[in-house]
Amino acid sequence: MKVPYFDLKCQYASIRDDVLAALDRVCQNASFILGDEVAQFEREFAEYCGVKYCVALNSGTSSLHLALLGSGVEAGDEVIVPSNTFIATAEAISYTGARPVFVDIDPRTANIDPGQIEDAITSRTKVILPVHLYGRPADLDPILEIAQRHGLTVIEDACQAHGAVYKGQRVGSFGRAAAFSFYPGKNLGAYGEGGALTTNDEELAKFARAMRDHGQSKRYFHDVVGYNYRMDGFQGAVLRIKLNHLEEWMAKRRELAQLYRELLSDAAVELPQDDPWAESVYHLFVAYVADRDVVRQELENRGVQTKIHYPQPVHLQKPYAALGYHPGSLPYTEKACERCISLPLFPEFSVQQVRYVAEALTRVVEQVYEAAVK
Ligand SMILES: *Cc1c(COP(=O)(O)O)cnc(C)c1O
């Protein structure tokens, strides 16, 4: 059996007529940038997330950037962030001139360990930026409590977690603002680049709307130096269609993830725990294994494609070398990066494919273990 890691083509086949009609609408109206479809999407996505405002942007990275700028983060400030994430989380901090201060993960959840946040707070700290990694909500209550006690702002990186629920409430609605990515491979993916900032703060929403459009509040009158961070009309149109399917696709991911969990329960792999207070949307299904690269090659030999999220933690990446971290600085994060393997999982994936992958992985880790013992 050949098992692809991901396949967007079969999803397109299922919504093709709607997508083509929507793209045609955008062309007929010549509303290629922002426009009606984007404005409608903003309303629909805000409602979906349970927030007052959604500002559609050109990427998740831009959304993080504007959330930080709008929270007053500037050169010399510090932002507390996990290192077990995609580099964009840290890059957005760097764009403001602030410094990312990396905190280790709780190894059971792979998300930032709230218990280690207070030690990282200094007089320069402005923001705590948890990431809902793999689509699993970070433990927000203790983070919000610490932030309140120290007068800090919380911004959520929800780029992998559209629709994930923390204690009955959708992520993206807890911090002062949240960033979402609509990169094509995300659970809610555009047909190009896209992102959004969500917030309940009217001032912040206004700020983001101006900043995405060259800092103008009135056409050709510019109050500040802004950016070109606008969303394309095509992306708004596609996202509206896909948002209508998100719940159904998410249910599919959860069902298949649950099956993976059952089938892998006796295998020599570790899985991040499913917390009772959190509903993951399983953007990624990550397992932790010994001799990861060997396991990956053996799976490839059996026709199973996998990926690594992420092979190197952000604190050990070259752009952050000057911050003085070294191997061993964040042991749990580093261990996760050495051992993680992302198994194929997407809504159109079949039960049969999950069974095949789970069985292949179980066999492979057994073999690798036996070889190591010998
Ligand atoms: C995808 C992603 C981003 C960046 O989003 P883009 O739309 O690619 O700019 C940021 N943070 C995390 C955790 C992501 O997964």
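Both ligands and their constituent atoms are indexed starting at 1 by order of listing.
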Is it true that His315 and Glu334 share a donor-acceptor pair across their side chains at a distance under 3.5 Å? yes
Among all protein heavy atoms, pick out the one at the shortest distance from [atom]; state its residue, atom name and that distance to 0.1 Å.
atom	result
atom 10 (C) of ligand 1	Cys159 SG, 3.5 Å
atom 8 (O) of ligand 1	Ser181 OG, 3.9 Å
atom 15 (O) of ligand 1	Gln160 NE2, 2.9 Å
atom 9 (O) of ligand 1	Thr61 OG1, 2.5 Å
atom 2 (C) of ligand 1	Lys186 NZ, 2.7 Å
atom 11 (N) of ligand 1	Asp157 OD2, 2.8 Å

Do any nitrogen or oxygen atoms of [X] come within less than 3.5 Å of a nitrogen or oxygen of ligand 1?
X	result
Glu193	no
Thr85	no
Gly60	yes

Looking at His222, is its backbone amide N or carbonyl O close enough to the side chain of Gln216 to form a donor-acceptor pair, meaning the two atoms are under 3.5 Å apart? no
Sub-4.5 Å side-chain heavy-atom contact between Asn111 and Ile105: no
Just checking, Lys335 and Tyr332: is the charged tip under 6.0 Å from the six-membered ring centre and within 45° of the axis? no
Cation over ring face, Arg254 and Tyr282, 6.0 Å, 45°: no
Numbering the atoms of ligand 1 from 1, which are under 4.0 Å from a heavy atom of [X]?
X	result
Thr89	11 (N)
Gly194	7 (O)
Ser59	7 (O), 9 (O)
Val131	13 (C)

State yes or no: are the ring centers of [X] and [Y] separated by less than 6.0 Å?
X	Y	answer
Tyr166	Phe174	yes
His162	Phe180	yes
Tyr325	Phe102	yes

At under 4.0 Å between heavy atoms, which part of Leu133 makes contact with ligand 1: side chain, backbone, both or neither? neither
Which class fits the ring pair Tyr227 and Tyr229: parallel under 30°, tilted 30 to 60°, perpendicular over 60°? parallel
If you apply the rule salt bridge (Lys or Arg N to Asp or Glu O under 4.0 Å), what do you find for Arg292 with Glu338, and how did you get there? CA-CA 7 Å; Arg292 190 261 321 278; Glu338 271 165 35; over 6 Å; no
Would you say Ala179 contacts ligand 1, with heavy atoms under 4.0 Å as the rule? no
